[in-house]
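Single-structure report; data block below.
Ligands are counted one by one from 1 in listed order, and the atoms in each one are counted from 1 as well.
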Amino acid sequence: MPYSGVINKYLEYLPFKEDVQPVTLLEGNTPLLEADNLRKELDAPCKIFLKFEGANPTGSFKDRGMTVAITEAVRKKAEAVICASTGNTSASAAAYAAKAGLQAFVILPKGKIAIGKLAQALIYGAKVIEIDGNFDDALRIVREIGDKTNVEIVNSINPFRIEGQKTASFEIIETLGTSPTHHSLPVGNAGNITAYWKGYKEWASRKHTPLPKMLGFQAEGSAPIVHGKIVEHPETVATAIRIGNPASWKQAVQALDESKGQISIATDSEILEAQRLIARTEGIFCEPASASSVAGLIKLIREGYFTVKDVVVCTLTGNGLKDPDTASRGIAAPLSAPASLLEVLNLMNIK
Ligand code: AN7
């Protein structure tokens, strides 16, 4: 059977009946790549796998949750959908709403959205409202609109989003033949770490697979869970995780405790360095927020945290093409030459 998206693939694990009519863009089924070059570069004892969620239809993991949330919104006959977003949720909501023929509204922190994500929301036909405030302000407004109207919230506070996102764990277990020993993720609103943990637990209870330890990483200037305190003015180059008051805070702490994992920080420069390293060694261009999962991994490797028995999966949550500005700032500019064979050969430094 041809692949037909995460709802059809994992229907028995989702809160739908057989007659569900999925709104799908064939999300999921993303590459799980063994990162041998990265392993050598880092002199890591453990195996490293990268789950590249940037290969989803709108370029991020949000699509797994959005197919489920929008399918449910259609089933419930919602009038429209709305989300607050640091960018990827809005791109995904706008695309799936377009496919469903629903209006999407997105509320964004002005000036803090990567250019590709904003372009996506607009071209998919969402009504985009930028506010003079941060993500946390936007989410507060969205929650109130959800309470007062028949407009469905499709942020990860919508449980259908979490249901869809947990399918990434299923794919990893199916590909590896068992669970990894550790799973590393960037943490913003903490919906994804909540979803992965739910997925690992549900698979374990049916198929007796072991449970991994969950490793979460927040950006240094936006690390409320690490510090146990709301951050009023979160800042980081990884705008996707510029969040000071995560919606799924409690669930994330529960996932970390239950799995005997840990959450810590990655600095902006560690994040950007990891982004370039992943691209240069493995040929994968992820966005800065995504690279925090590898930046954190690098720190733990240096602390001697892993052994040769460990198998670590890092989720690369979004595609680097969404934020070319940030990526180009840290790398050498192209060389330039007149339109002459000799001059070009000279620059190539090849005989
Ligand atoms: C690339 O789009 O919150 O911890 O509004 O875009 O589940 O929030 C995005 C979050 C990691 C963090 N990596 O995931 C939004 C939004 C990327 C992201 C996260 C996000 P959560």
Numbered atoms of ligand 1 (with element) below 4.0 Å of [X], judged on heavy atoms:
X      : answer
Thr86  : 2 (O), 3 (O), 5 (O), 9 (C), 15 (C), 16 (C)
Asn88  : 1 (C), 2 (O), 6 (O), 17 (C), 18 (C)
Ile241 : 11 (C), 12 (C), 19 (C)
Ser85  : 2 (O), 5 (O), 15 (C)
Glu287 : 1 (C)
Val187 : 4 (O)
Gly191 : 4 (O), 7 (O), 21 (P)

Fill in the blank from the handout: Which of Thr281, Ile301, Asn37 passes side-chain contact (heavy atoms from CB on, under 4.5 Å) with Leu42? Answer is Ile301
Just need the protein heavy atom nearest to [atom], so name the residue and atom and give the distance.
atom                    : answer
atom 14 (O) of ligand 1 : Phe61 CZ, 3.5 Å
atom 18 (C) of ligand 1 : Ala240 CB, 3.5 Å
atom 17 (C) of ligand 1 : Thr317 OG1, 3.3 Å
atom 7 (O) of ligand 1  : Asn192 N, 2.8 Å

Problem - Gln262 and Lys213 side chains, donor-acceptor separation under 3.5 Å - result: no
Handout entry: 4.5 Å side-chain heavy-atom contact, Arg280 and Glu41
Key = yes
Within 6.0 angstrom of [X] [atom1], more than 12 heavy atoms from elsewhere:
X      : atom1 : answer
Arg276 : CZ    : yes
Lys99  : NZ    : no
Glu273 : CD    : no

Problem - Linked hydrophobic residues, Val231 as query - side chain contacts closer than 4.5 Å - result: none
Would you check whether [X] has a nitrogen or oxygen atom less than 3.5 angstrom from a nitrogen or oxygen atom of ligand 1?
X      : result
Thr89  : yes
Ser290 : no
Lys117 : no
Asn155 : no
Asn189 : yes

Exercise for the section: Have a look at Gln165, Lys62, Arg242 and point out the one with the heavy atom closest to atom 10 (C) of ligand 1. Expected result: Lys62
Handout entry: Selected option - heavy-atom contact closest to atom 21 (P) of ligand 1, from Ala190, Ala238, Cys286, Ala289
Key = Ala190
Tell me whether [X] is salt-bridged to [Y], with the criterion being a basic N under 4.0 Å from an acidic carboxylate O.
X      : Y      : value
Lys9   : Glu171 : no
Lys117 : Glu287 : yes
Glu202 : Lys198 : yes

Exercise for the section: Tell me which part of Ile243 gets within contact of ligand 1: side chain, backbone, both or neither, using heavy atoms under 4.0 Å. Expected result: side chain
Practice task
Please verify whether a non-hydrogen atom of Ser60 lies at under 4.0 Å from ligand 1.
Solution key: no
Problem - Evaluation steps, side-chain hydrogen bond (donor to acceptor under 3.5 Å, both in side chains), between Asn88 and Lys322 - result: CA-CA 9 Å; Asn88 279 323; Lys322 287 168 175 270; 2.8 Å; yes
Problem - With sequence neighbours excluded, residues passing side chain to side chain contact (heavy atoms under 4.5 Å, CB included) with Glu235 - result: Lys112, Arg242
